[in-house]
2 protein chains.
Amino acid sequence: MSKGSVSKRPTIVDVAAHAGVSTAAASKVLRNAYGVSPEMKAKVQASMKALGYRPLASARGMRGRTHTVAVVVADLHNEFSSLLVEGIRRECERQRYRLLVAPAGSGKAAQDRMVEDLIDRGMDGIVLISPLGTDAELETMATNTPIVVLGRHGASQEFDSVAADDFAGANLVVDHLVSLGHRRITYINHTTEGTNDARLPEEVRVRGYVDAMIRHGLGDAIDILQSQWSQEGGEQSGKTILSRPQRPTAVFAGCDVAAFGVLTALWEAGIRIPDEISVAGFDNIFTTSLAPISITTVDQSGLDMGGTAGRLLLERIGGRTEAVNTVVQPGLVTRKTTAAHNHLTIDAASGPAPNVSAKV
Amino acid sequence: MSKGSVSKRPTIVDVAAHAGVSTAAASKVLRNAYGVSPEMKAKVQASMKALGYRPLASARGMRGRTHTVAVVVADLHNEFSSLLVEGIRRECERQRYRLLVAPAGSGKAAQDRMVEDLIDRGMDGIVLISPLGTDAELETMATNTPIVVLGRHGASQEFDSVAADDFAGANLVVDHLVSLGHRRITYINHTTEGTNDARLPEEVRVRGYVDAMIRHGLGDAIDILQSQWSQEGGEQSGKTILSRPQRPTAVFAGCDVAAFGVLTALWEAGIRIPDEISVAGFDNIFTTSLAPISITTVDQSGLDMGGTAGRLLLERIGGRTEAVNTVVQPGLVTRKTTAAHNHLTIDAASGPAPNVSAKV
DNA sequence: TAGATCGTGTAGTACGTTATACACTTTCTA
DNA sequence: TAGAAAGTGTATAACGTACTACACGATCTA
């Protein structure tokens, strides 16, 4: 591809000279701007090809667009984030834009610094995955650069957003568990110090759980464990549940990774799943589908959400000014960690062993 | 942070004016170059702070450095890649460099295009994870931009490299299985159309398997299944194994994800693991550690490898010219999918049931 | 004390691209 | 057919930073 270190990289001036036109004309062809004849276009494009010309994004960034967008993500280890990113990437590729992934680390300060750095680096637009900070702060960002917020609730007039209906998702799980006869359903919540943002997915999910419990007349049975959505947090929650005199018959973890943790603790204690306790998660990450795990969970279709976010961002860059706020509907994926609860068996301790085998 | 869309972003000219010095002086302070007095430095830094000045990477990119590096990765879904990236990121953060992740998709053409795009975007250096292409091609790239190759074997005088000793890793697994009494050990290989690069990890691993088998006098038992290192590839391989008249007593998948696939097929068929068949993987991704899976595998310490790669890249950017090629030693992680093989039980079909429970 | 060296600051240009403003044809309108 | 409009191409001024030269005074050498 490259001629090595000796020959200089060709510039648009070289292209123009090779084609025998002005650099302005060459630039027009490059941007396919108004005011070029078909012959001129062909001539210039031939020269670009002949010289192996590639526009330098750094230089373009000083006046125009860099044709690059970024997605800010706290952590690459989250399988669901990867799906979102892949969705964005595909949409960008379709429109000949480059997507770069910016791992910011956790915490609002780190995230803010990353966004500034991305603007400094000339990104034409930015997707933020579940960002921290107030609407006002996000709107300030949006005045400088097109922004799409992914995985955070609440409509804004200043920026576009894409979110799954986490409230409905949580409802689906509770409805499912109640229909199986469960009443004592414990919810594993995610709490972050400091931030208490009603628009974060975790806040919406817990409200969905509470609402569904009340709707089923189970307000008294509401049981929320404050924890972290991580393997460790889930494991700790599982142990807490086991230490109680009266255990729940079902556990609803607000995130699959936390569900893994809960299951780890339960497996360790020899609890049969789902015979003794049903467990459900949220996100439908790949690992939940593996046969010996097979967790009932909520699917959000991350690829579609990412694709939508990418499309909205590129539309914004293209000039749209009115905000678009999208909500997608999640679906329940029923697997082997949830099953009918036999009240007689457990509550009265009088029946025989459950009928479903725990391990497959 | 930002003053909104009305006030222009401050430039180095504004800073210089505010401090009452030349732009050259302000630039010197910014780069902490030679030739500034302590008073001048303090004065300029105060002005930068007062104005909220941030250097524009696009503009810097035209003459100097952007203080940005990128890592090219085929696919973000691979948990091991995430670990490598995190290692690089931490090292960059230590040295106040920004790391951006570039998801290239699979295939050599896509990867090459991505590298060119990154150079166009002024990256100061690039880490390539298991890149395709010949040494010559990589060396050509390296003449234009500092490059570190991660997860690909073979030393080069032109670029730095960091690789795990995949040969030794494969040896560890075979040694382990043989010490447990296994002889019929099938290996699941990864084959890519077209490319047949002896320096790719997959090629080194399969050589390690072959070598160890011969070393143990099991040359006749060598059995390599050509497949893909994916859930589907592994599942297909598992089915193939099951369809054979004489099954292996152990399966060594060259990659954890493929091991999942193999296990999925075996579980489905009701095969007891590890009683009837032992299974081992490679990479030690998080999911292998989950209790009901608990796969014996090879740990490569991705964080360290990534950190080393990051350090080498920044050293190169800093001016080092001699190449450094690093190899790290992997370790075996023994878990529950491998166990002693009772030759009498299986081979002669005469013994009682194995002693270890398959499901925990 | 003349000359060299060092320390500190500045002027000015280059980097590659975009885009505004304008000039020159050609074609349309009334 | 005059004037307007449309079509096509060019000259050139930014954009924000880096850095080479150079200037000037102070300090060091011999």
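Note that the structure is predicted; figures quoted are calculated from it, not measured. All chains are named by letter (A, B, ...) in the order of the sequence lines, taking the proteins before the strands, and each is independently numbered beginning at 1. Basis for what follows: all heavy atoms, side chains included, without hydrogens, waters or symmetry-related copies.
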Does a nitrogen or oxygen in the side chain of [X] sit under 4.0 Å from OP1 or OP2 of [N]?
X	N	value
B:Arg60	D:dA18	yes
B:Ser22	C:dT10	yes
B:Arg31	D:dT17	no
B:Ser37	C:dG9	yes

Point to revise | A:Val69 and A:Ile317: CA distance, side-chain angles, deciding distance, side chain to side chain contact (heavy atoms under 4.5 Å, CB included) verdict | key: CA-CA 10 Å; A:Val69 298; A:Ile317 293 171; 3.6 Å; yes

Nearest-Å distance, [atom1] ([X]) to [atom2] ([N])?
X	N	atom1	atom2	value
B:Lys28	C:dG12	NZ	C1'	14 Å
A:Arg121	D:dG16	CZ	P	17 Å
B:Lys41	C:dG7	NZ	P	16 Å
A:Met40	D:dG7	CE	P	17 Å
A:Ile12	D:dT12	CD1	C1'	15 Å
A:Leu56	C:dA14	CG	C1'	14 Å
A:Asn32	D:dT8	CG	P	15 Å
A:Tyr34	D:dG7	OH	P	4 Å

Study note, to complete from the structure: d(B:Leu313 CG, B:Met123 CE) to nearest 0.5 Å is 12.0 Å

**Study point:** CG on B:Leu138 to CD1 on B:Ile147, rounded to 0.5 Å
**Key:** 6.5 Å

Check your understanding: Is a side-chain N or O of B:Arg9 found less than 3.5 angstrom from the main chain of B:Arg54, in a donor-acceptor match?
Key -> yes

Practice item. When you get a sec, tell me which of C:dG16, C:dT10, D:dG16 is the closest nucleotide to the side chain of B:Ala25? Key: C:dT10

**Study point:** Closest-nucleotide 5' rank along DNA chain D - winner of A:Ala24 and A:Met62
**Key:** A:Ala24

Review point. When all nucleic acid strands are considered with a 4.0 Å heavy-atom cut-off, which category describes A:Ser27: base, sugar-phosphate, or nothing?
Key: base

**Study point:** Test item: B:Thr134 and B:Glu137 side chains (from C-beta on) under 4.5 Å apart, heavy atoms
**Key:** yes

Point to revise | Donor-acceptor pair (no angle test) under 3.5 Å: A:Arg63 side chain, C:dT18 base | key: yes

